[in-house]
Amino acid sequence: IIAQWVSADKSKGVLVEVNCETDFVAKNEDFVAFANGVAQRLLDEPEADLESERTEQVAKIGENIRISRSQKLEPKDNGLVESYVHTGAKVAVLLSMGTGSSSASADSKVLSLAKDMCMHIAATSPVCVSRDDVPADLVEKEKDIAKAQAEGKPPQAIEKIIQGKLEKYFSNACFLEQPFVKDPDQTIKQLLHAASQEVGSELSVESFIRFQVGEDS
């Protein structure tokens, strides 16, 4: 399962993947409590040695347990961290949001928006926040696919096809350009802009972490 822990003041958060051998144990209250405890400990002590706690839990539950990875997130000045764990704890998200002011960080509308955006990321699995963050090799790969599909067409047409394919890729892969799952008529960027005007403070998405059980870290 994926466990999360966010500090009470929302100034930092952590995701942890803790593995066991069966779904039965993954739903066990003791195992879930252990995973949450690991997350809480790692939030304050990222280098904590949890081997004795893990060994104790293995003896208690009777299955091998592995703390396979963890990642921490902290916002820059005047920001907050929000989290979401999907039902079954197989997918979880941490989001770092810039709010421009401490009052905006405590605004219920901003907190609700941050939670909605975490849920959106869990559902759509974006590659990164904006097109500026897309790794160059991924962009080249998309260009190569488009070139192969456009083979035999005139040069100007090929260029247009490549640009069209890239725009389509960015709208799928970049969080800010994705249609918001709760209201597909507006993108995340438009949603943020509208919310910024409503609360009177510049809201931005700094970064996010999305963990899915079993994926390569």
Side-chain angles (χ1 to χ4, degrees), residues 2-17 39 42-43 46 69-87 89-139 142 166-212 215 217:
I2 312 292
Q4 63 79 32
W5 203 269
V6 174
S7 62
D9 63 359
K10 295 198 178 287
S11 66
K12 55 185 177 177
V14 69
L15 290 184
V16 185
E17 179 172 355
L42 289 177
L43 182 62
R69 58 175 169 154
S70 66
Q71 200 170 339
K72 193 172 168 180
L73 197 58
E74 292 184 62
K76 294 169 189 155
D77 296 339
N78 288 325
L80 64 92
V81 170
E82 188 52 274
S83 67
Y84 169 70
V85 179
H86 192 60
T87 312
K90 303 296 188 207
V91 175
V93 172
L94 272 186
L95 176 85
S96 171
M97 193 171 167
T99 59
S101 70
S102 51
S103 59
S105 293
D107 190 304
S108 59
K109 290 191 189 80
V110 175
L111 294 170
S112 176
L113 173 65
K115 181 67 82 174
D116 276 350
M117 291 197 296
C118 287
M119 291 168 77
H120 174 103
I121 291 165
T124 63
S125 190
V127 173
C128 52
V129 175
S130 72
R131 61 174 67 192
D132 295 337
D133 308 322
V134 179
D137 59 325
L138 285 185
V139 175
E142 290 302 315
L166 278 180
E167 287 300 320
K168 178 78 175 156
Y169 173 74
F170 288 138
S171 71
N172 286 326
C174 305
F175 176 55
L176 292 177
E177 298 188 35
Q178 289 182 333
F180 179 40
V181 287
K182 282 190 170 182
D183 178 10
D185 289 336
Q186 63 177 337
T187 62
I188 296 292
K189 194 174 184 176
Q190 290 167 334
L191 181 73
L192 268 173
H193 179 67
S196 297
Q197 291 190 312
E198 195 178 341
V199 298
S201 192
E202 190 62 38
L203 305 177
S204 62
V205 173
E206 295 174 349
S207 59
F208 65 82
I209 302 165
R210 183 186 185 275
F211 273 14
Q212 187 158 338
E215 72 190 348
S217 56

Here the gap from Asn78 atom CG to Ser201 atom OG, rounded to the nearest 0.5 Å, amounts to 7.5 Å

From the list Leu42, Ile2, Leu15, Leu43, side chain to side chain contact (heavy atoms under 4.5 Å, CB included) with Ser70 holds only for Leu42

So how far is it from Leu111 CG to Asp116 CG, rounded to the nearest 0.5 Å? 11.5 Å

Test log, rule side chain to side chain contact (heavy atoms under 4.5 Å, CB included), inputs Met97 and Glu82: CA-CA 8 Å; Met97 193 171 167; Glu82 188 52 274; over 6 Å; no

Using every non-hydrogen atom in the two residues, find where Cys174 and Ser130 come nearest and quote the distance to one decimal. SG-C, 3.7 Å

Roughly how far, to the nearest 0.5 Å, is CD1 of Ile209 from CG of Leu73? 4.5 Å

Rounding to 0.5 Å, atoms NZ (Lys109) and OG (Ser112) come to a distance of 10.0 Å

Please check this pair: side chain of Gln178 against backbone of Asn172, looking for a donor-acceptor N/O pair closer than 3.5 Å. yes

Salt bridge or not between Arg131 and Glu167? Use side-chain N to carboxylate O under 4.0 Å. yes

Any salt bridge between Arg69 and Glu17, counting N to O under 4.0 Å? yes

Any side-chain to backbone donor/acceptor pair from Ser207 onto Ser96? Under 3.5 Å, distance only. no

Determine, stepwise, if the pair Leu80 / Val110 fulfils side chain to side chain contact (heavy atoms under 4.5 Å, CB included). CA-CA 10 Å; Leu80 64 92; Val110 175; 3.9 Å; yes

Given Tyr84 and Ile121, is the side chain to side chain contact (heavy atoms under 4.5 Å, CB included) satisfied, shown in steps? CA-CA 9 Å; Tyr84 169 70; Ile121 291 165; over 6 Å; no

Could you give the distance from OG (Ser102) to CG (Asp9), rounded to the nearest 0.5 Å? 11.5 Å

Is any side-chain heavy atom of Met117 closer than 4.5 Å to a side-chain heavy atom of Leu192? yes

Between Leu95 and Cys118 the two heavy atoms that sit nearest each other are CB-SG, 3.5 Å

Of Thr187, Asp133, Val129, which meets side chain to side chain contact (heavy atoms under 4.5 Å, CB included) against Leu176? Val129

Heavy-atom pair of closest approach, residues Val85 and Ala92: CG2-CB, 3.9 Å

I'd like to know if the side chain of Glu215 reaches the main chain of Gln212, judged simply by a donor and an acceptor atom lying under 3.5 Å from each other, with no hydrogens or angles considered. yes

Sub-4.5 Å side-chain heavy-atom contact between Pro46 and Lys72: yes

Give a yes or no on whether the backbone of Val93 and the side-chain of Arg210 come within a donor-acceptor separation of less than 3.5 Å. no

Would you say His120's side chain and Phe180's backbone share a donor-acceptor pair under 3.5 angstrom? no

For Val14 and Ala39, the nearest pair of non-hydrogen atoms, with its separation, is CG1-O, 3.2 Å

Show your working on side chain to side chain contact (heavy atoms under 4.5 Å, CB included) between Val6 and Leu94 and close with a plain yes or no. CA-CA 9 Å; Val6 174; Leu94 272 186; 3.9 Å; yes

Any chance you could measure Lys76, atom NZ, to Ser204, atom OG, to the nearest 0.5 Å? 7.5 Å

Can you establish whether the number of heavy atoms outside Lys189 located under 6.0 Å from its atom NZ is more than 12? no

How about CD on Glu202, more than 12 heavy atoms from neighbouring residues, nucleotides or ligands closer than 6.0 Å, or not? no

